Amino acid sequence: MWWKNATIYQIYPASFRDSNGDGIGDIGGIHSQLDYIQSLGVDAIWLCPMYDSPQHDMGYDISNYEAVYPPYGSVSDIEQLISACHARGLRILLDLVVNHTSDEHAWFQESRSSLSSAKRDWYIWRPARYDAEGKRRAPNNWRSCFGGSAWTWDETTGEYYLHLFATQQPDLNWENRETREAIYASAMEFWLRKGIDGFRVDTANTYSKDTSFPDVPVTDPRTEWQYASHLFCNGPRIHEYLREMAGVLRKYDAMTVGELPLTKDIEDVLGYVSAKEEKLDMVFQFDVVDLGTGADRRYSVEPRSWTLSQLKERVRATQRLMDGESDGWSTAFLENHDQARCVSRWGCERNVELWGQSAKMLAMMVASLSGTLFVYQGQEIGMVNAPASWGVEEYKDVESRNYYDFVRQTSNGDPVALAAARTALQHLARDHARLPMQWDASPHAGFTAPDATPWMRAHDNYPDVNVKRQALDGQSVLSFWKRMLAVRKEYPDVFAQGVFANVDRLEDDDEKLFIFEKRGEGRKLLVVLNFTESEQEAGLEAMLGGKGKLLLSNTGEGESLRLLRPYEGRVYLV
Ligand code: ISL
Ligand code: CA
């Protein structure tokens, strides 16, 4: 199983590299950077959706599974990319988005055309309810993940369709066998036959819903639409569907990593990833990336609403899958295309020193965890969130825009509420991950042609933070990531497969230091991380007892067993 000790590099096609100067990244751009990608020491790439799409949700709204979004390139460009990757020994994963399609997909067009359409039942249609005044109401009070009702009224046939995400993302009806078979053929086998190595499976726990579609209790009186995710995640038939899907994947020996929002208990997670279940090979749990987000609404929260002890607890929760008693497999990641940058969330941007130190320390943390490691484009050079000075118009994501509009409406445009919303977006929005990749100090960070207008503005810091500059600097964040990945590869029993344990030392250190062990075969790692801007007592002498070998450090300094510098991190082999 190649993926167990692997590191997978995630690419967001729109923002990685533009090869033809139209301001939008493309497949040609990815192809042209395979040397760079390989130089990181990764084993595989995962491409976010590159399928044809009207881009209401950046390609997670697919209008044709068997075509490529023309600005990105063609099916043949992907075929060439697959061969080029394989020729270098890199594997390639695509994104599988089959909870919903775009409303422009031919299946939905046909489904919505009439009540008697052959594909009517391929989506989830329900009649209206009518209240006491005879006013038309949605079938229930569920809120979509992007805000507003999860149902949209369709004039043509006078019914509502369900969409857990944007209005333009109608949910497929997995209850229908014919629909499932069409999904397997079009979204999966079409690409598996071309030799891809697997899929990242979007919202892998939402295909089965409670088909009685009950109302949920009102938790937010400001609106009619209520949080209902617990009713559409982990539904009654989800395990049956995933097992069926795994049967298709098995024919091609393809791997899967499923996205698993809102599955919290380890027993439930194991239901998806335990090897004997034969469903998904691994999943992305949300424990860590959800920390510090609003409980009911993700952006209804102050910046940095988290504590280090909570972070430790959540890391531990994802690592429990690897403790030897379960037959599951885990993933380690701090970023993806839906998350703000990890340095801005968990590290420090106060000055260049602390930025670099904390970017490396976070790299050390995540790359020392067990499971398959995922690195998101730009993470390897310590890219940070868009600056606080940028106006809200720079935020293009459907979720950001909907949230800001929601606050505007419910607060009647109150400037204080809007300022808080903007602050929250600056801290947590999905947009931050979608800024152009910073290649060099030329205009637009070298992402596109100098005279082009990139689809999102390049970060102001690109003259300082970019690949070209860091590649020449042995002490850069990029150089550190390369070293880190090489060392991880050298000791897979402790890094990718070790058994994690928090080391609790002094009570009052709890919110300052994160110390953990990874037990492997007759040896262990000791990872020591200072999450503060000041020096801390390390007390390493007692912990190491003269036995540890320093594998990695994120400072250029000599090692002191007594003191840890701000955001210093070390990995010892004991
Ligand atoms: O991004 C989130 C919160 O801001 C998540 O709740 C996210 O909506 C959820 O993880 C599902 O994400 C996936 O499916 C979405 C798409 O917008 C995301 O980009 C994708 O990763 C709908 O297809
Ligand atoms: Ca382009």
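Only this structure's heavy atoms are used, side chains among them; waters, hydrogens and symmetry mates stay out. Quantities reported herein were computed from a predicted structural model and do not represent experimental measurements. Atoms within a ligand are numbered from 1 in the order they appear, just like the ligands themselves.
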Per-atom contacts of ligand 1 with Glu259, taking only distances under 4.0 Å to non-hydrogen atoms: 9 (C), 10 (O), 11 (C), 12 (O), 13 (C), 21 (O)
Basic-acidic side-chain contact under 4.0 Å: Asp287, Arg316: no
Lys/Arg-Asp/Glu bridge criterion (N-O < 4.0 Å) met for Asp57, Arg430: yes
Axial cation check for Phe190 ring with Lys194, 6.0 Å and 45° limits: yes
Heteroatom test (N, O or S) for Ile24 near the Ca ion (ligand 2), limit 3.0 Å: yes
Heavy-atom protein neighbour under 4.0 angstrom from atom 21 (O) of ligand 1: yes
Atom 7 (C) of ligand 1 - nearest protein heavy atom and its distance: Asp338 OD2, 4.1 Å
Contact atoms of ligand 1, heavy-atom distance to Phe146 under 4.0 Å: 17 (O)
Heavy-atom nearest neighbour in the protein, as seen from atom 14 (O) of ligand 1, with distance rounded to 0.1 Å: Asp202 OD1, 2.9 Å
Distance-only polar pair, side chains of Asn140 and Asp215, donor-acceptor under 3.5 Å: no
Side chains of His432 and Glu335 in contact at under 4.5 Å (non-hydrogen atoms): no
Ligand 1 contact by His56, heavy-atom criterion under 4.0 angstrom: no
Under 4.0 Å to a heavy atom of His337 - the qualifying atoms of ligand 1, by number: 18 (C), 19 (O), 20 (C), 21 (O)
Derivation and outcome, salt bridge (Lys or Arg N to Asp or Glu O under 4.0 Å), residues Arg434 and Asp431: CA-CA 5 Å; Arg434 305 174 182 189; Asp431 300 83; over 6 Å; no
Thr203, any N or O under 3.5 Å of ligand 1 N or O: no
Arg222 to Phe406 six-membered ring, cation-pi geometry met (6.0 Å, 45°): no
Sub-4.0 Å heavy-atom contact, Met58 with ligand 1: no
Contact flag Tyr72/the Ca ion (ligand 2), N/O/S atoms, threshold under 3.0 Å: no
